[in-house]
Amino acid sequence: MKRAPTTFSLILALLVAALLLALTLGGVLSTRAGLRGLGDSYGRLVAATASSVDALAGRDDAASRDMLTRLGQSHVRLTSESPPPSRRPVLPMVRQIGEVAGQLLGDPSRVVVVQRPEAQIWVRSVHRPGEWIVMQAVSFRRQVVRSMLTLMLFAGLVAFAVATLAARLLTRPLERLAAHAPALVGGQPVQDQLRGTPREVRELADALGAAGESLRQGARERELMLAGISHDLRTPLARLRLALELGDADDPARREAMVTDLEELDGALAQCLAYVRDGSDEPLREIDLVTLLVQLMALRRQPDDWHYEGPDSVRLRSRPSLLRRALGNLMDNAERYGAAPFRVAVQLRDGGVQVSVEDRGAGVPDTLLSQLGRPFLRGNPARSGPAGSGLGLSIVKRAAELCGGHLQLQNRVGGGFVATLTLPATAAPAATR
């Protein structure tokens with residue numbers, strides 16, 4: 001399998017490529033600007049030289065002739081020959097020199113640029129018709145390009161060093177995070193080792209820690225579920241086995257007890273499956289909360305024990321199956337551990353909705369209130385009734401969190417127990433009375 005490149009090498013390559021591109025563009029633009037500036041400068045110099053030579057050529061004295069001789073040594077001469085044709089394409093810089101000189105002399109037709117192979121600038125004389133002033137154009141293109149290449153090479157080396165340092169500074173925190181990732185997932189504190197790292201790295205570390213905590217929580221829940229299932233199934237299975245061994249299948253009372261055990265087993269398994277399938281994949285739909293509550297109360301074994309207080313209609317967007325299961329669990333919990341009469345109250349507060357399920361039972365000890373909602377938590381001697389699976393309130397709590405709300409459990413003033421499911425304001429856009 002081909003080995004993937006490291007983050008350091010990728011960042012370094014990107015930085016170097018970006019810097020090289022910037023340096024190349026900068027060098028090309030600087031070279032063109034430099035050559036353009038040289039072309040303007042030498043164009044003015046050519047115009048001034050041509051005017052001076054033309055003026056000296058029109059004078060017949062020893063000083064003028066001596067000066068023309070000295071200019072000839074600098075490759076500036078007078079000739080009666082016509083400008084020869086170019087053998088090579090004229091360099092852009094030389095062409096610009098000719099254009100600038102022609103503009104300054106006032107007659108661009110007087111200037112002819114020739115490339116054969118050296119560059120020459122021919123300027124027609126004004127004082128001596130038929131003669132031309134010939135000047136050798138000195139090309140600085142090679143020197144300019146060489147100096148720019150040298151500068152780019154030096155700047156490239158500096159840029160490479162800076163890019164290497166920047167890539168190291170960017171990837172070092174990631175390397176530290178990768179080294180401590182197992183400890184983060186395992187729940188060990190590593191904030192001291194990540195001190196001084198960028199905010200994004202610390203946020204990623206927090207996300208890894210949260211993911212690890214979620215995995216550990218899931219593992220603990222699975223262990224609790226296995227332990228709870230094994231405990232819940234052992235007692236009714238033992239009773240069924242004993243009944244079969246004693247041959248009580250023909251006794252109506254024993255048969256009814258066996259059916260009750262089977263229903264208890266089915267209910268326990270159903271609650272476990274409901275806890276595992278948290279309903280987070282269920283799509284949101286608009287429902288009438290009051291209609292849902294009335295339907296659930298009508299399905300109770302003693303519907304007359306239940307009373308509703310609140311608006312006639314409350315429409316909201318929620319997960320119907322998940323909400324039905326949560327509200328049904330609250331009602332089952334009230335019937336199992338509480339006492340009639342039962343009351344379901346719906347209140348609109350701050351644009352949100354609260355659903356309270358109350359009973360008139362013995363309540364819950366204060367030491368146990370903070371622990372309610374944990375999976376498989378049972379064993380409240382103050383609230384009598386058949387033993388449940390210990391997952392009812394856990395399912396309600398998880399459903400509330402998935403809906404963006406929360407579950408509040410408290411003892412009722414005057415006796416009894418109250419479970420309040422609060423849904424966020426966005427879930428309850430409208431209500432009618």
Side-chain angles (χ1 to χ4, degrees), residues 20-159:
L20 287 179
L21 179 60
L23 288 174
T24 302
L25 292 176
V28 171
L29 294 177
S30 299
T31 302
R32 294 185 61 180
L35 292 176
R36 184 180 297 275
L38 287 175
D40 292 341
S41 300
Y42 277 95
R44 295 186 181 92
L45 182 59
V46 166
T49 303
S51 299
S52 300
V53 171
D54 197 15
L56 291 173
R59 299 170 59 182
D60 189 11
D61 56 76
S64 299
R65 289 192 296 270
D66 182 61
M67 182 59 69
L68 290 174
T69 301
R70 292 182 181 182
L71 289 173
Q73 295 175 356
S74 301
H75 304 286
V76 179
R77 60 186 176 88
L78 283 168
T79 180
S80 58
E81 299 177 357
S82 299
S86 298
R87 296 179 180 177
R88 293 182 180 179
V90 180
L91 296 176
M93 177 181 174
V94 179
R95 184 182 297 110
Q96 184 181 0
I97 292 174
E99 293 175 355
V100 173
Q103 293 175 359
L104 293 176
L105 292 173
D107 186 5
S109 63
R110 289 179 56 194
V111 182
V112 177
V113 180
V114 178
Q115 190 82 35
R116 39 176 305 117
E118 70 281 354
Q120 296 177 350
I121 299 176
W122 293 60
V123 181
R124 188 173 64 249
S125 175
V126 175
H127 299 289
R128 304 181 64 167
E131 290 192 358
W132 293 80
I133 303 169
V134 183
M135 289 169 281
Q136 190 79 25
V138 181
S139 177
F140 289 92
R141 183 182 182 87
R142 183 175 301 175
Q143 290 83 349
V144 173
V145 173
R146 184 183 294 118
S147 62
M148 292 303 303
L149 289 177
T150 304
L151 179 61
M152 289 177 59
L153 178 61
F154 177 75
L157 293 176
V158 174

Measure across Ala50 and Val123 and return the closest heavy-atom pair with its distance rounded to 0.1 Å.
-> CB-CG1, 3.8 Å

Under the side chain to side chain contact (heavy atoms under 4.5 Å, CB included) rule, collect the residues that match up with Thr69, sequence neighbours excluded.
-> none

Separation between CG (Leu105) and CZ (Arg110), nearest 0.5 Å, reads 5.0 Å

State which residues pass side chain to side chain contact (heavy atoms under 4.5 Å, CB included) with Pro84; sequence neighbours excluded, sorted by chain then number.
-> Val114, Arg116, Trp122

Heavy-atom nearest pair, Arg44 first then Val100, reads N-CG1, 4.0 Å

Could you pull out all residues at least two apart from Asp66 that satisfy side chain to side chain contact (heavy atoms under 4.5 Å, CB included)?
-> Arg70

side-chain hydrogen bond (donor to acceptor under 3.5 Å, both in side chains) against Ser125, all qualifying residues, sequence neighbours excluded = Asp54

Contacts of Gln103 that satisfy side chain to side chain contact (heavy atoms under 4.5 Å, CB included) - sequence neighbours left out | none

Side-chain heavy atoms of Leu78 within contact of Val53, under 4.5 Å | yes

Minimal non-hydrogen separation, Leu104 against Gly43, with atom names | CD1-O, 4.1 Å

Scanning both residues in full, the closest heavy-atom pair of Val113 with Ser86 reads O-OG, 3.8 Å

Only counting residues at least two apart or in another chain, list the ones meeting side-chain hydrogen bond (donor to acceptor under 3.5 Å, both in side chains) with Ser80.
-> none

How would you list all residue pairs meeting salt bridge (Lys or Arg N to Asp or Glu O under 4.0 Å) that involve residues 85-100, not counting sequence neighbours?
-> none

When rounded to the nearest 0.5 angstrom, what distance separates CD1 in Ile133 from CZ in Arg124?
-> 11.0 Å

Side-chain contact, heavy-atom cut-off 4.5 Å: Pro83 with Gln120?
-> no

Nearest heavy-atom approach of Trp132 to Ser82 is NE1-CA, 4.3 Å

